Amino acid sequence: MPELPEVETTTRALRPGLLGRTIVGVRAIDYVPLVEPLPPEAFAAAVCGRRVLGVGRRGKYILLRLDDGAVLSIHLRMSGRLHLLPQEAAPDRHTHAVLDLDDGQALHFYVPRKFGRMRLLTGEEYAVLDGALGPEPLAPTFTAASLQDRLRARPRARLKALLLDQRFLAGLGNIYVDEALFRARLHPLRLAGSLSGGEVGRLHGAVVEVLGEAITAEGTTLSDGVYLFGSGEAGRFAERLRVYGRTGEPCIVCGMPVVRQVIAGRGSHFCPRCQV
DNA sequence: CCACGATCCTGCTAGC
DNA sequence: TGCTAGCAGGATCGTG
């Protein structure tokens, strides 16, 4: 499932092919909610003729900055992918939007579960989105002290729920929350207000470390092959996962079987001995 | 303030 | 072997 490292990797893979390109056509939007609230025709009309001046990321959103000040935000949700293909390539049956570029390439938005979204935002609308999201965990301004402040503002929330909340911290999803909590040796059900200063420091370090390593490995491609980037490459972080998807297998630190329990509505993996 | 369940979708898996 | 019921998963919304 695309989380920050997968979205970052996808963004990096797309950037060279998108920067400076002009969108000359929009095809294959056969699923209205994909581009809501604009109707597909209005979305196409607004996007055609626009040049891509920037390719970036905020949390799990991929952002294309257009030459009229608008921002095209793309969210992959759990199973979406973006691929650049030659314009003559036929869209896959799960591709529900194609943006044709002026160099003969086309950006395919592959969305097998129709959860992904493309949204054309004005500068002001983007500012609202940006303001609603929590800090970027890899920004230098995200420090242990700033995490401490945010945790203290939500003392009754459980760590698992809080770390999944994009308004609290942007970019983490189920996999990296579980991995960060394991590295920090913190139980997912711990209340935010119960953490000592040292524990906050461990959590901060674990989040930064696991995201950095996962980006270096170009993300996590599980055996289901849901996440692929570039021209279909797989990320290499799956082999480095310590608890996610390892239910019943021994903890790599203490040997105790990894437990899976639904917390905050998500399958949560942790070591019942190491994580307190 | 926080938890929980439903919703949206479809490929895959577990279970018969 | 073949079928189906149910689950997973991010974000959002309504309810408790």
Side-chain angles (χ1 to χ4, degrees), chain A residues 1-8 10-11 28-37 57-63 73-82 91-97 109-119 121 125-126 128-134 137 149-180 187-195 211 214 219-228 234-235 237-238 241 243-248 260-269:
Chain A
M1 296 84 238
E3 304 179 26
L4 190 153
E6 291 75 31
V7 176
E8 177 65 26
T10 298
T11 302
I29 301 183
D30 56 358
Y31 181 68
V32 170
L34 192 79
V35 293
E36 272 177 352
R57 178 193 60 75
R58 174 79 170 96
K60 300 176 197 171
Y61 292 86
I62 293 164
L63 303 167
S73 83
I74 305 173
H75 201 300
L76 305 173
R77 292 283 181 97
M78 29 201 272
S79 54
R81 292 184 214 159
L82 288 167
D92 183 276
R93 70 186 178 103
H94 293 308
T95 293
H96 295 292
F109 193 19
Y110 171 85
V111 207
R113 283 173 219 175
K114 297 186 176 172
F115 270 29
R117 294 290 181 266
M118 264 185 185
R119 203 171 155 212
L121 305 170
E125 286 169 334
Y126 173 67
V128 171
L129 171 65
D130 181 51
L133 291 171
D149 291 342
R150 297 184 75 78
L151 289 167
R152 283 190 177 145
R154 305 282 305 277
R156 306 279 309 155
R158 308 202 180 273
L159 289 181
K160 175 81 186 197
L162 211 43
L163 294 172
L164 282 174
D165 186 345
Q166 302 302 296
R167 296 166 298 185
F168 180 80
L169 187 61
L172 294 183
N174 204 33
I175 294 176
Y176 296 108
V177 168
D178 283 3
E179 292 298 307
H187 196 286
L189 288 174
R190 278 285 291 279
L191 299 183
S194 76
L195 268 60
L211 293 177
T220 299
T221 299
L222 301 174
S223 54
D224 58 14
V226 161
Y227 157 72
L228 298 169
F237 198 69
L241 296 175
V243 282
Y244 185 86
R246 297 190 64 249
T247 310
R260 181 186 186 279
Q261 184 184 330
V262 175
I263 299 171
R266 293 283 173 273
S268 303
H269 312 74

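Below, chain A is the first sequence line, B the second, and so on; all start at residue 1. None of the values given here were measured: they were computed from a predicted structure. Computed over heavy atoms, backbone and side chain alike; hydrogens, waters and symmetry mates excluded.
Residue A/Lys114 places its side chain closer to B/dT10 than to any other of C/dG10, B/dT10, B/dC2.
We find that NZ of A/Lys160 is positioned 13 Å from P of B/dA3, with the value rounded to whole Å. Rounded to an integer number of Å, the gap from CG of A/Leu163 to P of B/dA3 is 12 Å. A/Leu151 places its CG atom 16 Å from the C1' atom of B/dC2, with the value rounded to the nearest Å. The interatomic distance linking A/Tyr227 (OH) with C/dG10 (P) rounds to 15 Å, in whole Å. When the C1' atom of B/dA3 is taken as reference, atom CG of A/Leu162 falls 13 Å away, rounded to whole Å. For the pair A/Leu169 CG and C/dA11 P, the computed distance is 12 Å after rounding to whole Å. Taking atom CG of A/Leu159 as the reference point, atom P of B/dA3 lies 11 Å away to the nearest angstrom. Residue A/Asn174 contributes atom CG, which lies 11 Å from atom P of C/dA11 at whole-angstrom precision.
Backbone-only engagement by A/Tyr244 is indicated by non-hydrogen atom pairs under 4.0 Å involving sugar-phosphate atoms exclusively. If you check every strand for non-hydrogen atoms under 4.0 Å, A/Arg156 touches sugar and phosphate atoms only. Residue contacts shown for A/Arg167 are absent, as no nucleic acid heavy atom lies under 4.0 Å away. When heavy atoms are screened at a 4.0 angstrom cut-off, A/Arg117 is found touching no nucleic acid atom at all.
OP1 or OP2 of C/dA11 lies within a sub-4.0 Å distance of a side-chain N or O belonging to A/Gln166. Considering only side-chain N and O atoms, A/His94 lies nowhere under 4.0 angstrom from the phosphate OP1 or OP2 of B/dT10. One finds a side-chain N or O of A/Arg260 lying less than 4.0 angstrom from the OP1 or OP2 phosphate oxygen of C/dA8. Put simply, A/Arg266 has no side-chain N or O that comes within less than 4.0 Å of OP1 or OP2 on C/dA8.
When all heavy atoms of A/Pro33 and A/Arg117 are compared, the closest pair comes out as O-CD, 3.2 Å. The two residues A/Gln166 and A/Leu172 have their closest heavy-atom pair at NE2-O, 2.9 Å.
A/Asp178 places no side-chain N or O within donor-acceptor distance of the main-chain N or O of A/Val243, the cut-off being under 3.5 Å. Proximity of a side-chain donor or acceptor of A/Arg81 to a complementary backbone N or O of A/Leu76 within less than 3.5 Å is not detected.
Within the shown strands, C/dG14 is the pairing partner of B/dC4 under the Watson-Crick or G-U definition, both distances less than 3.5 Å.
No hydrogens or angles considered: a donor-acceptor pair under 3.5 Å links the side chains of A/Thr220 and A/Tyr176.
Mapped onto DNA chain B by nearest heavy atom, A/Arg158 and A/Asp224 fall at different nucleotides, with A/Arg158 at the one closer to the 5' end.
Not a single donor-acceptor contact under 3.5 angstrom links the side-chain atoms of A/Arg113 to the base of B/dG11.
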